[in-house]
K.L.:
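Got a structure for you, written out below as structure tokens; questions coming shortly.
The sequence lines fix the lettering, A, B, ..., with proteins before strands; numbering per chain opens at 1.
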There are 2 protein chains.
Amino acid sequence: MTPLSRTLGTASRTAGIGALPAAARDARPLSTPAKASSSANADDRSRWGRPPRVLIVEDEQAIAELIRYNLSKNGYSCEVVGEGDEALLAVEEQVPDLIILDWMLPEVSGIEICRRLRARAETRSVPIIMVTARGEEADMLRGFKEGADDYVRKPFSLNELNARVDAALRRTRVTHQAHLLEVGDLVLDAEALTVSRGGQRLHLAPTEFRLLHALMTSPGRVLSRDSLLSQVWGLDSDVEARTVDVHVRRLRKALNSQGGAGEVLPDYIRTVRGAGYSIEQP
Amino acid sequence: MTPLSRTLGTASRTAGIGALPAAARDARPLSTPAKASSSANADDRSRWGRPPRVLIVEDEQAIAELIRYNLSKNGYSCEVVGEGDEALLAVEEQVPDLIILDWMLPEVSGIEICRRLRARAETRSVPIIMVTARGEEADMLRGFKEGADDYVRKPFSLNELNARVDAALRRTRVTHQAHLLEVGDLVLDAEALTVSRGGQRLHLAPTEFRLLHALMTSPGRVLSRDSLLSQVWGLDSDVEARTVDVHVRRLRKALNSQGGAGEVLPDYIRTVRGAGYSIEQP
DNA sequence: AACGGTTGTAACACAACTGTAACAAAACTA
DNA sequence: TAGTTTTGTTACAGTTGTGTTACAACCGTT
């Protein structure tokens, strides 16, 4: 009944620019294009909604501290324990997003911890990065065999460790944040903020663009209206779920009506009744 | 960039990872099967239903051959290409389960390939292991940033490579296959919410889909109408038991009447008089 | 102040889906 | 074989979910 009588909480909405306006200035939380920055910091924060939690299991204080400092600097939340038992307790209390595990521990061996973690359902899929003294290949193989995800030799480069931590965390969230997304002949460039189909440039309104971006980030997967609302409109928006439908309609129109002619192309967006929408090759 | 460390004999590997619960925030009651497993190779075969396919992108013939030999010996199916273009073509033709990518390629650089692969929806989640000459740390960081999953320095140990290949595939299995249910040539994807028989996509109504999902969760097992009612309609529904029959009928129709023709395929759903229904290969 | 592009909502139309009842056809029992 | 129980099949009316359109508010620009 009441047409937009409410005040927009944030005045941060950008509208019409000529060519392809978009979310550039519009600091929408979840539509951030991939940044060329080195560590995944801001990126990971937005993906988890909180700094990823890393558990460091390392008995040599100096090294532990080094790792902790380094990761903290990159926006991770770290906890350090020096012994295997403590590690298991810490995990019991709160399951971390990633574990950095020294192989040579005083009491319970790294391998034992690894095995225990893999045995439990809650921790089965938590990535484990082993750290061990130089080239003990047998150890390394053993570690992989027990279900470790990655392996770093001491002495290691902090950059390398960072990179591996980022990679491991990225994997748990399957999507790699690339700035080019392709599905069939649909190409979305999250950096240039452009979309084209079959080489032909399309014009999308900002919301349409973010919607398409959300869909193309996980192609084939069905996204519910709620999920899209939080991705496209932000977690704290009071927009009706049906609004998504209208924007899907607009997006479809923009994608499928090539040129100005009345011709209609096959549809990329699939409606899944009772569930939501997904994008896939028609 | 020649030397490799010697080939250690053993091919013994184990992997003890099960599936992790798939979060389906959209649909109604869904549950995921969890299987236990032990041996990696036999396991990999059974998970994929075929030997995992590995694409090796490496211009130095000797090294390529060495890797190929080694992986083949361990039950992987390998394809070798020497250039970036070829790699992209090969992937176009058939998406491999894993890619081993040399960083230093003659024409198109490894990084470029990596980027291209990450852009395309079909290859976005294929794990990539980079291989590069001695500690070019900058390269490594770059690689991870572009979405590589792992990194191996030349000269590398074949055992290490094997271990990393296994670990990467194990991860794919965990994250990727968790939401796939298969019975015969029937495949249900709980994430994409799709069902196909013999590769042919089928259309199911929501209730039919949930019903099939319930049946496929425990193939071969007979589920009573009550049990199906609670799984599909929820524990607190006041739906007649006979309604199940009607939906089974609809589901059968959808599954067995391929295409639009009048032809009828063998039936996957078995009626057990006095007990209920079960799904199994016809 | 007017304007063109954009956005969220409401309202209606339409197609798809759902549960039930009723009858037909098996399957079992005696 | 006749009688009984269980399942298959069909039709239908009510319900729900989506597509579509129109519209007023909004924003930045002119």
K.L.:
B:Leu251 CG to D:dT9 C1': how many Å, rounded?
P.N.:
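Interatomic distance, CG of B:Leu251 to C1' of D:dT9: 15 Å.
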
K.L.:
So, taking the atom named CZ in B:Arg221 and the one named CE in B:Met216, what distance separates them when rounded to the nearest 0.5 Å?
P.N.:
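The distance works out to 15.5 Å.
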
K.L.:
Rounded to whole Å, please give me the gap between NZ in A:Lys253 and P in D:dA22.
P.N.:
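The answer, rounded to whole Å, is 9 Å.
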
K.L.:
Mind calculating the distance between CZ (A:Arg225) and C1' (D:dT18) to the nearest angstrom?
P.N.:
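Result: 7 Å.
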
K.L.:
Identify, with sequence neighbours excluded, every residue that meets salt bridge (Lys or Arg N to Asp or Glu O under 4.0 Å) alongside B:Arg225.
P.N.:
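If we apply the salt bridge (Lys or Arg N to Asp or Glu O under 4.0 Å) test to B:Arg225, skipping adjacent residues, the hits are B:Asp245.
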
K.L.:
For D:dG8, take OP1 and OP2 only and decide whether either is under 4.0 Å from a side-chain N or O of B:Tyr277.
P.N.:
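Yes, because at least one side-chain N or O of B:Tyr277 sits under 4.0 Å from OP1 or OP2 of D:dG8.
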
K.L.:
Test of understanding: with salt bridge (Lys or Arg N to Asp or Glu O under 4.0 Å), list the residues that count as partners of B:Asp267, not counting sequence neighbours.
P.N.:
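By the salt bridge (Lys or Arg N to Asp or Glu O under 4.0 Å) rule, B:Asp267 matches B:Arg252.
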
K.L.:
Are any of A:Thr271's side-chain N or O atoms less than 4.0 Å away from OP1 or OP2 of D:dG17?
P.N.:
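No, A:Thr271 has no side-chain N/O under 4.0 Å of OP1/OP2 on D:dG17.
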
K.L.:
Between P on D:dT7 and CZ on B:Arg270, what's the gap in Å once rounded to a whole number?
P.N.:
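Spelled out: CZ on B:Arg270 to P on D:dT7 is 13 Å.
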
K.L.:
In the 5'-to-3' direction, what one-character label does each nucleotide of nucleotides 12-21 of chain C receive under the scheme B = base within less than 4.0 Å of a protein heavy atom, S = sugar-phosphate only, - = no such atom?
P.N.:
----BSBBBB

K.L.:
Grab the CZ-P distance between A:Arg249 and C:dT6 for me, whole Å please.
P.N.:
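So the two atoms are 15 Å apart, to the nearest Å.
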
K.L.:
Could you check whether B:Val272 gets within reach of a base, just the sugar-phosphate, or nothing at all, counting any heavy atom under 4.0 Å?
P.N.:
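The residue B:Val272 makes sugar-phosphate contact but no base contact.
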
K.L.:
What integer distance in Å separates A:Asn256:CG from D:dT20:P?
P.N.:
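The answer, rounded to whole Å, is 11 Å.
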
K.L.:
In this structure, how many angstroms lie between the P atom of D:dT20 and the CG atom of A:Asp267, rounded?
P.N.:
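Result: 9 Å.
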
K.L.:
Can you run down the salt bridge (Lys or Arg N to Asp or Glu O under 4.0 Å) pairs that involve residues 273-282 of chain B, sequence neighbours left out, and say none if there aren't any?
P.N.:
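The answer is B:Arg270-B:Glu280.
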
K.L.:
Do any side-chain atoms of residues 109-117 of chain B form donor-acceptor pairs under 3.5 angstrom with protein atoms, and if so which ones, sequence neighbours left out?
P.N.:
{"residue": "B:Ser109", "atom": "OG", "partner": "B:Glu112", "partner atom": "N", "Å": "3.2"}
{"residue": "B:Arg115", "atom": "NE", "partner": "B:Glu146", "partner atom": "OE1", "Å": "3.3"}
{"residue": "B:Arg115", "atom": "NH2", "partner": "B:Glu146", "partner atom": "OE2", "Å": "3.3"}

K.L.:
Going by the rule side-chain hydrogen bond (donor to acceptor under 3.5 Å, both in side chains), which residues pair with A:Glu93 if we only count those two or more places apart in sequence or in a different chain?
P.N.:
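For A:Glu93 there are no side-chain hydrogen bond (donor to acceptor under 3.5 Å, both in side chains) partners, ignoring immediate neighbours.
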
